[in-house]
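Beneath this line is the structure, given in structure tokens, with notes to follow.
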Amino acid sequence: MQIVIIGNGPAAIAAAETLRQQDRACGIVMLSRENVPFYSPCPLAEYVEGSVPKERLFLRDPDFYARNAIDIRYGRPVTRIDPQARQVWAGARPSPTTGC
């Protein structure tokens, strides 16, 4: 079975972890509009001011996705969902030259 999770926030991470607890063999693709792993926005101000190191922003260790066999696709915002056809469309990765 192939499962697509839209997002990379708390609910998406909880869904992926729960799926892995129940089934180690299913395929999981996670589509994230963000270009970074799961993080907490709460300490961003402290990170910008320099009192919190970048590593403290992230809420899972760097190998979380690989260890859980999650095909994470960063910079892929979902643009359309067709539940009847069981299809999901994701936008292209932003070009590094656009600054988006």
Side-chain angles (χ1 to χ4, degrees):
M1 176 186 295
Q2 182 81 349
I3 297 168
V4 176
I5 297 175
I6 299 169
N8 187 28
I13 295 297
E17 289 173 331
T18 300
L19 285 165
R20 275 295 164 249
Q21 288 173 0
Q22 300 297 317
D23 185 351
R24 292 291 306 168
C26 70
I28 299 175
V29 175
M30 188 176 282
L31 302 172
S32 175
R33 73 175 175 196
E34 299 278 352
N35 288 310
V36 295
F38 178 48
Y39 69 95
S40 173
C42 295
L44 282 176
E46 289 84 2
Y47 166 69
V48 171
E49 78 175 4
S51 64
V52 171
K54 184 177 182 178
E55 301 78 40
R56 297 262 324 268
L57 297 176
F58 300 103
L59 300 175
R60 294 295 181 276
D61 57 271
D63 68 336
F64 168 79
Y65 301 98
R67 188 177 65 249
N68 286 287
I70 298 169
D71 178 4
I72 179 73
R73 299 182 188 179
Y74 296 113
R76 302 301 300 263
V78 171
T79 58
R80 182 174 164 208
I81 302 169
D82 184 343
Q84 294 289 344
R86 300 176 62 128
Q87 293 182 329
V88 176
W89 288 261
R93 295 176 186 267
S95 168
T97 58
T98 64
C100 297

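Side chains are part of it too, since the values below use all heavy atoms of this structure and drop only hydrogens, waters and symmetry mates.
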Quick one: does any side-chain atom of R76 pair with a main-chain N or O of G91 as donor and acceptor, under 3.5 Å?
yes
Please check this pair: side chain of D82 against backbone of Q87, looking for a donor-acceptor N/O pair closer than 3.5 Å.
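No, the answer is negative, given that no donor and acceptor are paired below the 3.5 Å cut-off.
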On a heavy-atom basis, the closest approach of M30 and G7 is CG-O, 3.0 Å
To the nearest 0.5 Å, what is the distance between [atom1] ([X]) and [atom2] ([Y])?
X	Y	atom1	atom2	value
I70	I13	CD1	CD1	6.0 Å
R20	T18	CZ	OG1	11.5 Å
T79	R33	OG1	CZ	13.5 Å

Membership question, hydrophobic clusters at under 4.5 Å side-chain separation (ILVMFWY): are [Y] and [X] in the same one?
X	Y	result
I6	W89	no
F38	F58	no
V36	L59	no
I5	V29	no
L31	I3	no

Counting heavy atoms not belonging to [X], are there more than 12 under 6.0 Å from its [atom1]?
X	atom1	value
R67	CZ	yes
R24	CZ	yes
Y47	OH	no

For S51 and E49, does a side-chain donor sit closer than 3.5 Å to a side-chain acceptor?
yes
Are the side chains of F64 and I72 in touch, meaning some heavy atoms are under 4.5 Å apart?
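No, too far: nothing below the 4.5 Å cut-off.
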Does I28 reach the side chain of L19, with side-chain heavy atoms less than 4.5 Å apart?
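When only atoms from C-beta onward are counted, L19 and I28 do touch, with a gap below 4.5 Å.
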